[in-house]
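Along the sequence shown, the residues carry numbers beginning at 1.
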Amino acid sequence: RQDNALASDPKRKGWSKAYLRADNAYPVWASPTPAWIRYSSDVKRDRGGGAEPGIPQVVLNHVRVSRKPWRLKPFIDSDGCPVTSNFLVLRPKKNLPLSVLWGILLSPIANAYAFSVTSKKHVLRRHLLDFPLPDVSPDNVKLIEHAAIAFRDAASALDDGRTRANNGEATVLKRLLELDAAVLKAYDLPPGLEQQMLAIFDDVERPGVGCKFTGYPKVSGAANMPFHLRMLMPRVHELTDLRLDGTIKRKQQIELDAINAKFDEFERTSPSALAFEARMNEMSRQRSKAMSKLDEIEATALREREKAGK
């Protein structure tokens with residue numbers, strides 16, 4: 001480029017990294033392709049507002065990703081780079097970790113909100129100012145931060161080729177669901193309302209998340225159970241089977257006890273506790289009935305083997 005140029009795609013010595021264009025192909029755990037600008041006093045005017053560069057921030061696409069419900073693709077900018085009007089900049093207050101703010105903006109709650117407040121092309125600053133944050137108690141912050149870091153690590157490892165494609169993508173999906181569950185837990189929506197909200201994402205491709213995601217898993221008969229608990233049901237069944245078989249290990253038993261404690265806490269505090277308790281009791285009856293039937297089949301098979309051996 002000429003010496004009087006203000007922006008350059010290749011890196012130039014003494015110039016500042018900046019984000020000028022919102023490339024829709026960028027993944028949420030990374031960033032769009034940066035450019036380099038001559039950010040010096042002889043070419044810039046005094047700031048008339050906006051975010052001062054050099055402060056870590058979460059950057060959000062100003063133009064929606066699509067007309068469908070998944071509209072937001074936030075990314076973390078630890079350097080606090082200058083950005084153009086193609087982006088919106090958000091900086092947390094009260095020492096909220098960037099990864100937590102990023103996880104909230106990536107969540108189905110934020111995307112459903114963006115989908116509901118405007119049918120136009122842009123996500124507007126005034127809409128974000130009205131966006132309600134969840135309960136950011138220390139426990140919720142810790143849970144969201146841990147899940148956000150785990151998802152970013154898994155997605156980066158798959159992207160860099162450090163994990164195999166099949167297993168890696170399954171891990172990325174699992175970590176993404178755990179992140180969404182952590183954010184939803186902090187919002188603590190009534191289970192029925194939460195499920196109605198998640199249903200708007202059915203059969204909608206989620207862009208930039210490093211895995212195939214076209215909807216949230218369904219759990220039969222779990223209408224009174226929040227998503228963060230529904231996510232645990234397959235693991236509960238797996239660990240319970242191991243315990244009934246007498247093959248559960250100490251670490252697995254500790255995990256099962258911890259999960260059951262979460263169900264107990266929800267049962268004690270939920271307005272829909274009676275319905276939840278009835279559902280859990282029904283599941284226990286069904287499992288006991290299935291195990292009794294299995295024991296009966298195994299006993300019959302044993303008798304037949306004993307007869308054949310005589």
Exercise. Tell me, please, which residues at least two apart from A199 pass side chain to side chain contact (heavy atoms under 4.5 Å, CB included).
Key: D202
Quiz prompt | Evaluation steps, side-chain contact (heavy atoms from CB on, under 4.5 Å), between L128 and L60 | solution = CA-CA 10 Å; L128 293 177; L60 188 67; 3.8 Å; yes
Quiz item: Within the distance-only criterion (no hydrogens, no angle test), does the side chain of H62 pair as donor or acceptor with the backbone N or O of V123 below 3.5 angstrom?
Solution: yes
Quiz prompt | Any donor-acceptor pair under 3.5 Å from D188 side chain to L184 backbone | solution = no
Quiz item: Taking the side chain as C-beta and beyond, is there a heavy-atom pair between S31 and D77 under 4.5 Å?
Solution: no
Practice problem: Could you tell me whether the side chains of T84 and N86 share a donor-acceptor contact shorter than 3.5 Å? | Solution: yes
Exercise. Kindly check if the number of other-residue, nucleotide or ligand heavy atoms within 6.0 Å of NE2 (H146) is above 12?
Key: no
Self-check item: E205 side chain near K212 side chain, heavy-atom distance below 4.5 Å
Solution: yes
Self-check item: Interatomic distance, K11 atom NZ to W36 atom CH2 [nearest 0.5 angstrom]
Solution: 4.5 Å
Quiz prompt | Short side-chain to backbone donor-acceptor contact, Y187 and E194, under 3.5 Å | solution = no
Quiz item: What distance do L158 atom CG and T171 atom OG1 have between them, rounded to the nearest 0.5 Å?
Solution: 8.5 Å
Quiz prompt | Any side-chain heavy-atom pair of L189 and I109 under 4.5 Å | solution = yes
Self-check item: Pairwise side-chain contact, P108 with M197, heavy-atom cut-off 4.5 Å (strictly under)
Solution: yes
Quiz item: W102 side chain to P74 main-chain N or O, any donor-acceptor pair under 3.5 Å?
Solution: yes
Quiz prompt | Validation row: F201, R206 side chains within 4.5 angstrom (heavy atoms) | solution = no
Exercise. Indicate yes or no for a side-chain donor-acceptor contact from Q57 to the backbone of C81 under 3.5 Å, with no hydrogens or angles considered.
Key: yes
Practice problem: Answer whether the closest heavy-atom distance between the side chains of V141 and L96 falls below 4.5 Å. | Solution: yes
Quiz item: Which residues pass the ring-ring contact (aromatic ring centres under 6.0 Å, His included) test with Y19, sequence neighbours left out?
Solution: F75
Quiz item: Between L90 and L101, is any pair of side-chain heavy atoms under 4.5 Å apart?
Solution: yes
Exercise. Ignoring hydrogens and angles, tell me if any N or O in the side chain of K73 forms a donor-acceptor pair with the backbone of N61 under 3.5 Å.
Key: no
Self-check item: F151 and W29 aromatic ring geometry - parallel, tilted or perpendicular at 30°/60° bounds
Solution: perpendicular
Quiz item: Just by distance, do the side chain of D160 and the backbone of R162 share a donor-acceptor pair under 3.5 Å?
Solution: no
Quiz item: Any sub-3.5 Å donor-acceptor pair from D203's side-chain atoms to G215's backbone N or O?
Solution: no
Quiz item: Mind checking whether M225 and F263 have side chains closer than 4.5 Å, heavy atoms only?
Solution: yes
Exercise. Nearest 0.5 Å please: distance from the CG atom of L106 over to the OG atom of S99.
Key: 12.0 Å
Quiz prompt | Pairwise side chain to side chain donor-acceptor pair (under 3.5 Å) hits with a residue in residues 248-260, at least two apart | solution = R235-E255, Q253-D257
Quiz item: At what distance, to the nearest 0.5 angstrom, does CE of M233 lie from OG1 of T240?
Solution: 8.0 Å
Quiz item: Any ion pair linking R175 and E178 (charged N to carboxylate O, less than 4.0 Å)?
Solution: yes
Quiz item: CG of L177 to CE of M231: how many Å apart, nearest 0.5 Å?
Solution: 4.5 Å
Exercise. Kindly assign one of parallel, tilted or perpendicular to the pair W70 and F213, based on the angle between their ring planes and the thresholds 30° and 60°.
Key: perpendicular
Quiz item: Is a side-chain donor or acceptor of S156 paired with a backbone partner of D153 at a separation under 3.5 angstrom?
Solution: no
